[in-house]
Amino acid sequence: MDEMHDQPEIERDEEGGPTRRGLLKCMAWAGAGVIWTVSGGIPSSQLLGIGGAEAATKPAGTFSFMQLSDSHIGFSNAPNMDVNGTLQEAVDLVNKQKKGAALLIHTGDVSQLSKDAQFDTADQIIRGAKLDTYYVPGEHDVLVDEGKSFFERFTPRSPTGWYSFDQDGVHFVALNNVQDLKPGGLGNLGAAQLEWLGKDLAGRAPSTPIIVFAHIPLWTVSQQWGWGTDDAAQVMAMLRPFGSVTVLNGHIHQVMQKIEGNVAFHTARSTAFPQPAPGTAPSPGPIKDLPPGQLKSTLGIAKITRVQLSSPLAIVDTPLGA
Amino acid sequence: MRRFIRAALFAAALLAGSPALAEDAAVSIDNFTFSPAEITVAAGTKITWTNNDDIPHTVVDADDPKAWKSPPLDTGDAWARVFDKPGTYHYFCSLHSHMQGTVVVR
């Protein structure tokens with residue numbers, strides 16, 4: 001914990017965790033979508049919903065962006081025979097909520113089977129959000145040609161699917177943890193990507209807010225179902241010096257979150273179909289037997305907002321030469 | 001179990017010196033599981049994997065993923081491979097790497 005001395009102060013309890021006030025805010029998850037607010041590094045949430053919730057008012061001086069995930073264009077089975085329609089509805093919701101949003105991320109499984117026609121349909125629907133959109137691949141997107149067609153279309157600046165960029169003082173890191181999976185293992189980043197990440201983060205001020213997004217969770221949600229990433233610990237070690245780290249994932253088609261020290265982990269809902277909570281079903285396959293009319297309450301989008309408070313985390317220091 | 005019995009009969013036939021005429025065998029994919037997880041067959045047997053899940057899966061050589069692999073198998077898709085050489089073949093689903101199976105060829 002020595003490196004903590006180099007970090008900006010974060011409101012923490014006596015055990016070094018985020019304050020109770022911050023945690024209580026985080027426990028307000030429910031409904032079909034989420035507005036996630038990062039206030040002084042502590043995320044809190046408000047509800048969004050496919051099917052009607054109104055946008056929360058945006059405090060002045062905030063930075064926000066939207067998240068879509070797991071659109072599975074090409075899926076046509078119970079409980080959703082119209083994944084194009086629900087993606088369109090999600091994009092409509094993005095449009096309703098996007099006031100002030102700087103960009104949109106999609107955390108993978110854009111398609112069901114990596115087919116060009118599926119990519120094309122998703123691309124056209126998502127362009128309707130009229131936001132700069134940053135993608136990472138899901139395992140369904142790299143089924144052929146080692147993902148080449150996905151990368152060409154959705155990550156044109158990166159033939160590997162991993163990259164980074166800066167927006168409003170926030171450093172975004174897009175990771176690819178869906179290729180070269182090892183038998184019996186979980187998600188995989190690999191040595192080349194970890195080396196790149198180390199270089200990407202080197203020299204950045206510890207007060208820079210970091211947003212990491214990748215398809216498979218970077219924390220182990222379920223070992224048995226493969227919901228985790230084998231080499232995520234190395235990523236977390238690299239992120240330890242930073243005061244505010246937010247990790248956004250998809251893959252598990254349900255909202256889960258945890259806060260560990262300076263890192264907030266969050267998974268988004270799918271726009272296509274829900275999957276069961278770990279251990280509640282024989283397999284992680286789609287929940288097929290939803291009561292009539294319940295599907296849309298299991299789908300959704302996320303809006304992530306960073307509120308510029310007078311907390312230390314709102315101050316972004318950049319060393320010369322960084 | 002029937003497959004095992006059939007495979008055992010062929011193994012017996014081989015031992016008896018009878019000409020081995022391999023029959024087809026099948027592995028089913030249900031609930032993110034290869035079933036049976038281990039299958040024993042005579043050399044020359046064609047094994048067909050059928051995906052009964054609503055999610056695509058693959059069948060990929062675990063020891064050398066480039067050696068042999070199926071295309072993505074959508075719901076209801078099947079893929080077959082003939083196993084000519086005796087040995088133990090471990091395989092997995094490259095999308096859901098916790099899914100693993102074994103083919104033993106006698």
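These numbers come from the heavy atoms of this one structure, side chains and all, not from hydrogens, waters or symmetry mates. Below, chains carry the letters A, B, ... as their sequence lines are ordered, and counting in each starts from 1.
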Exercise for review: Below 4.5 Å from any heavy atom of chain A, which atoms of B:Asp54 appear? Answer side chain, backbone, both or neither.
Suggested key: both

Check your understanding: Looking at NE2 of B:His98 and OG of A:Ser222, how far apart are the two atoms once the value is rounded to the nearest 0.5 Å?
Key -> 8.0 Å

Review point. Would one find more than 12 heavy atoms of other residues, nucleotides or ligands at under 6.0 Å from atom NZ of A:Lys258?
Key: yes

Exercise for review: Check whether any side-chain heavy atom of B:Thr33 lies under 4.5 Å from a side-chain heavy atom of A:Ser283, and answer yes or no.
Suggested key: no

Practice item. Side chain from CB out, backbone as N, CA, C, O: work out which of these in A:Leu181 comes under 4.5 Å of a heavy atom of chain B, or both, or neither. Key: both

Review point. Relative to chain A, which segment of B:Lys66 carries a heavy atom at a distance below 4.5 Å: side chain, backbone, both, or neither?
Key: side chain

Check your understanding: Which atoms of A:Gln179 come close to chain B, meaning under 4.5 Å heavy atom to heavy atom: side chain ones, backbone ones, both, or neither?
Key -> neither

Check your understanding: Can you tell me if NZ on A:Lys148 sees more than 12 non-hydrogen neighbours from other groups inside 6.0 Å?
Key -> no

Point to revise | A:His140 vs B:Ile55, side chain to side chain contact (heavy atoms under 4.5 Å, CB included): CA-CA, chis, key distance, verdict | key: CA-CA 9 Å; A:His140 286 250; B:Ile55 293 294; 4.0 Å; yes

Exercise for review: Please answer whether the main-chain N or O of A:Gly185 pairs with a side-chain N or O of B:Ser97 as donor and acceptor at a distance below 3.5 Å.
Suggested key: yes

Exercise for review: Could you have a look at A:Pro286, A:Pro284, A:Pro282 and say which one has the most heavy-atom pairs with chain B under 4.5 angstrom?
Suggested key: A:Pro284

Review point. Which bit of A:Leu186 is near chain B, if near means a heavy-atom gap under 4.5 Å: side chain, backbone, both or neither?
Key: backbone

**Study point:** Contact class of B:Thr75 relative to chain A, heavy atoms under 4.5 angstrom
**Key:** side chain

